[in-house]
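Naming convention: chains lettered A, B, ... in sequence-line order (proteins, then strands); numbering from 1 in each chain.
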Amino acid sequence: MDQDYEERPGWVRLPGYEEAPYPRGASVRADGARRMRRASNWTAAALIAGVAAATGYFAHHQPPATAATSTVTSVPGGTAVNPQKPTLNGPVATSGGSGVTVTTGPGGVKTYHYRDN
Amino acid sequence: MATATRVLPAAHEWAVIDIGTATVGVAERDALGTSARVAAWPPYYLARVLAAVDAELARLDKEASRFRNDSEISAVHGSGVESHLLSEGLAEAIAVALAAAEWTGGLVDPTVGGALEALGYDRDFAAIPKGGGVPPGPSHVPGWRSVRLDGRRLRLAAGSRLDLGATAKGLGADRAASAAAEVSSDGGVLVSLGGDIAVAGEAPNGGWPLLIADEQEPASRAPAGGHHAVRDARRGAGQMVRLAAGGLATSSIVCRQWRRGDRMLHHIVDPRTGLPAAGPWRTVSVAAANCAEANAASTAAIVAGDQAAAWLAGQGLPARLVARDGTVQLVGGWPATDGGLVEAPAARRMPPGLRGGRHMRWAR
């Protein structure tokens, strides 16, 4: 479409043409297109980088299925608490020889569960 | 710990256990003649962790259970020949048992299978008659040096019967924990097989809390077979400890008892006599670099009697020994306080499972 703005024989420039505050048509269009291409390229690059960063983040920081309920802020030995790890207060397993488990109920009463096998 | 709340849709029925927090998934099912408990974090890994554990438990049961007629070890016992070409898995299990025997100077010996059967422990514990019969006499134990294992080639004297009970559950826990850790790369897992516990991956803050139970009364006084529960605050309170790495196992002469004539028997056999160990300890808990090693050490300590504490201390293994009168002795840095961290040594004490420098999978 740039040829629409080419000067043709017999045409006369309007007065004040050289003083026009704006660039001439063809170059205006070309500059605009270049600016748009640059902007699009930067936008695309930013989007790609953002998506990549977000994907990487969520791949390594999956949100917990449910909110953590433990509220303990210190652990034995005074070691620092890693907020990304669980902190457990009660036993998750019992080592008592051959299938004995123990649960603690209200009042601290322990119930021993035997597996006679 | 509360009761089961729902059942996972898995090949085996794992019951989900509510431990009061949603940050860790816990499930339990019957396995290997006892109960298996698995804990995993993040909890959304639990299903895939259980699948990995299922595969390892099924493999070990098919390889090494002497209570299954279709197991590989039962085929070895019933073959009537001395030379066998084993699967990789059973070869590993026997290699670990022989390594434990070498390490403990024969206090743990896989050739006590015949002696155990003579005592009446020839079937699943639930099926053993808890009374009657006559007191057994001493049995001849062929000794672990009579077993030859070269890679997968086993030479076992005709009539010898292997029992891998002192190491197999520990090995199973190690295998299962390793397999589970592979499918939960950024979390942590705990596998307990009847109280023999292995952990892998990242432990929770401060380590996995465990209850070390201290039984005072024989289970055989309660109704035989299946589950039963006893509420009694007077029983031994035990101790809560934390484990961040390695394995922890407890051996006890109290849990599996039965009577023959006027004599109360238990399942830990002294290879020197072929009879139940008669030492001063009723329960010994040990932490080690892996659960197979902890399992072997706790069993050896029951058999070692008066020498047990010195041997464990010399090995640098944290241990808690409870005497028959309830006296507790701690060695090797076992924490004295409730909730203390049991620091299992990172390096193995037991020799590699197979001679010739081959490292076994369990040997972390």
Side-chain angles (χ1 to χ4, degrees), chain A residues 48-117, chain B residues 1-2 19-24 26 33-35 37 39 41-44 124-126 186 190 192 194-197 202 204-206 208-215 219 222 224-233 235 237-238 240 242 248-252 254-256 283 285 339-341:
Chain A
I48 291 169
V51 169
T55 302
Y57 176 86
F58 286 113
H60 293 281
H61 300 81
Q62 295 185 44
T66 53
T69 56
S70 299
T71 56
V72 172
T73 55
S74 63
V75 293
T79 54
V81 172
N82 181 343
Q84 294 182 341
K85 289 183 177 184
T87 299
L88 304 175
N89 295 322
V92 296
T94 302
S95 185
S98 303
V100 179
T101 58
V102 184
T103 59
T104 303
V109 175
K110 294 183 184 302
T111 301
Y112 288 72
H113 301 266
Y114 291 95
R115 293 293 317 279
D116 288 343
N117 56 2
Chain B
M1 288 178 283
I19 63 165
T21 173
T23 58
V24 174
V26 181
T34 182
S35 58
R37 177 171 284 214
W41 78 272
Y44 47 77
D124 233 28
F125 188 79
D186 57 349
L190 173 150
S192 170
D196 294 341
I197 297 168
E202 291 288 323
N205 285 310
W208 292 97
L210 309 173
L211 183 67
I212 307 301
D214 173 22
E215 304 310 309
H227 300 258
H228 68 276
V230 176
R231 289 185 63 186
D232 189 347
R235 283 181 173 274
M240 195 181 91
R242 294 173 182 271
L248 188 151
T250 296
S251 292
S252 172
V254 181
C255 293
R256 297 190 181 209
T283 303
S285 303
L341 180 67

Q) Which pair of heavy atoms, one from B/Leu211 and one from A/Pro91, lies closest together, and at what distance? A) N-CB, 3.7 Å
Q) Looking at side-chain heavy atoms only, is the closest gap between A/Thr87 and B/Thr21 below 4.5 Å? A) no
Q) What's the shortest heavy-atom distance between A/Ser95 and B/Gly195, and which atoms? A) OG-O, 2.7 Å
Q. Closest heavy-atom contact between B/Trp41 and A/Gln84?
A. CZ3-O, 3.4 Å
Q. At their closest point, which heavy atom of A/Leu88 faces which heavy atom of B/Pro204, and how far apart are they?
A. CD1-CG, 3.9 Å
Q | chain A contact via B/Leu210 - which portion, at a heavy-atom distance below 4.5 Å | A | both
Q.
Which heavy atom of B/Ile19 sits nearest to which heavy atom of A/Val92, and what is that distance?
A. CD1-CG1, 3.5 Å
